[in-house]
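Worth saying up front: this structure is predicted, and the values here are computed from it rather than measured.
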Amino acid sequence: MDKDSEFQWKKFLPLAILILISLVAYFSGIQKHFSLENLKYYRAILEENVNLHPYLAPLCYVVLYSIFVMVSLPLGAFMTILGGFLFFQPWGTLYAVIGATIGAVSIFLIARVSTEGFLKTKAAPFLDKFSKGFQENEANYMLFLRFVPVFPFWLVNLAPAFLGVRVRTYIWTTMIGILPGAYAYAQAGVGLGSILDSNQEFSIKSIFTKDMQIALVALGLVSLLPIIIKKLKKQ
C-alpha cells in the first residue's frame, strides 16, 4: 500500500468507526428502552431531576439527543416528545432542534472529511456533475429534504457531505427544516402528562397526522419554487 492510499484510509477511519458504533448501538436494542411505557416508570425521577438541575438537565438532554442522532438511532420523535414533556414550550422545541442539529452536523463533518479525496478520485465524473447541480440550489434542496420526511433522517444527514454542501448552509437549513416537526412533537409532549395520568392510549404515530404531512409537503414545495421559476425562465 502506497503512502497516498494509507493516508486516505486513515482519513476514512473516523467514518468507519462511526458506522461501526451505529451498527452496534442499533443491534444492541438500546432504542427499545426509550419508550412511553418506560417513561411512565421513570417519570417521577426525570421530573425531580429537571426541577433540581434546571441548567444541567437541558444540557444532558441536548447531549443525549445529539449522540442518538450521530449514531443514527430512530429516537428523534420520542426524544422531541420527551423534551416537550420535561421542559414545556418553547424550550422543548429549542433543545430538540439544538440537539438534532449538533448530531446532524457532526455526522456531516465526519463524512465530509473522511470521504472528500476518495469521492473525487473514485466517484467522478458522475458524482461531480450531480454535486454541481445540487450546489447551485443547495439551500432550496436542503430545505425540501428537511421539510418532507420522504428519506430517513440519517440519510439526509449524510448525503449532503458527498454533494459538497457548504457547512453554514447545512446548519441553517437543518435548523429551519426540522423546526415545524420538532414543534409539533414537542407540543404533543407538553400534553403527555395528563394522558399518562389518565392512562389513555398514546401513539407517536398519531401525532404525524395527514394534515401535518400535507403541511410539511407544502413547505417543501414552497422551498423548491425558486428552482422551478428559474428553470421556467430558462425555457
Tightest non-hydrogen contact, residues Met70 and Leu18, listed as O-CD1, 3.5 Å
Spatial distance of atom NZ (Lys32) from atom CD1 (Ile30) [nearest 0.5 Å] = 12.0 Å
Under a 4.5 Å side-chain heavy-atom rule over Ile, Leu, Val, Met, Phe, Trp and Tyr, are Ile67 and Val69 clustered together?
-> no
Any side-chain heavy-atom pair from Val167 and Leu109 closer than 4.5 angstrom?
-> yes
Taking Arg112 for the side chain and Val165 for the main chain, is one N or O donor matched with an acceptor at less than 3.5 Å?
-> yes
Are Leu158 and Leu20 connected in the hydrophobic side-chain network, where two residues link if heavy atoms are under 4.5 Å apart?
-> no
Side-chain heavy-atom pair Leu145, Phe151 within 4.5 angstrom cut-off = yes
Going from CD1 on Ile176 to CD1 on Ile171, what distance comes out if it is rounded to the nearest 0.5 angstrom?
-> 12.0 Å
Minimum heavy-atom distance between Ala182 and Val97, given as atom pair plus value | CB-CG2, 3.8 Å
Answer with yes or no whether the hydrophobic clustering places Phe88 together with Phe85; edges join I, L, V, M, F, W, Y residues whose side-chain heavy atoms lie under 4.5 Å apart.
-> no
Could you tell me whether the side chain of Val62 reaches within less than 4.5 Å of the side chain of Pro58, counting heavy atoms only?
-> no
Side chain Ser66, main chain Gly99, donor-acceptor under 3.5 Å = no
Which atom of Leu36 lies closest to which atom of Phe78, heavy atoms considered = N-CE1, 4.0 Å
Give the cluster check for Val63 versus Tyr55: same hydrophobic cluster or not, with ILVMFWY residues linked at side-chain heavy-atom distances below 4.5 Å.
-> no
State the CZ-CG distance between Arg43 and Leu192, to the nearest 0.5 angstrom.
-> 7.5 Å
Ser72 OG to Ile107 CD1 distance, which is reported to the nearest 0.5 Å | 4.0 Å
Show the numbers, then the answer: is there a side chain to side chain contact (heavy atoms under 4.5 Å, CB included) between Trp172 and Thr101?
-> CA-CA 9 Å; Trp172 75 260; Thr101 302; over 6 Å; no
If we only count heavy atoms from C-beta on, is the Val50 to Leu46 side-chain gap below 4.5 Å?
-> no
Out of Tyr183, Tyr185, Tyr95, Tyr65, which residue meets the side chain to side chain donor-acceptor pair (under 3.5 Å) rule with Thr80?
-> Tyr65
What are the two closest heavy atoms between Gln89 and Val190, and how far apart are they?
-> CG-CG2, 3.7 Å
When rounded to the nearest 0.5 Å, the distance separating CD1 of Ile110 from CD1 of Ile19 is 10.0 Å
Gly177 and Phe147 have their tightest heavy-atom pair at O-CD2, 3.5 Å
Is there a side-chain contact between Cys60 and Leu64 (heavy atoms, below 4.5 Å)?
-> no
Which pair of non-hydrogen atoms, one from Ala25 and one from Gln31, has the smallest distance, and what is that distance?
-> O-OE1, 3.7 Å
Are Leu82 and Phe87 close enough that some pair of their side-chain heavy atoms sits under 4.5 Å apart?
-> no
Measuring from Thr93:OG1 to Leu179:CG, what's the distance to the nearest 0.5 Å?
-> 7.0 Å
Any chance you could lay out the side chain to side chain contact (heavy atoms under 4.5 Å, CB included) test for Val105 and Thr174, step after step, and finish with the verdict?
-> CA-CA 9 Å; Val105 172; Thr174 296; 5.7 Å; no
Look at the side-chain heavy atoms of Ile, Leu, Val, Met, Phe, Trp and Tyr, link any pair under 4.5 Å apart, and say whether Leu56 and Leu86 land in one connected group.
-> no
Axial cation check for Tyr170 ring with Arg146, 6.0 Å and 45° limits = yes
Side chains of Tyr61 and Met79: does their closest heavy-atom pair fall under 4.5 Å?
-> yes
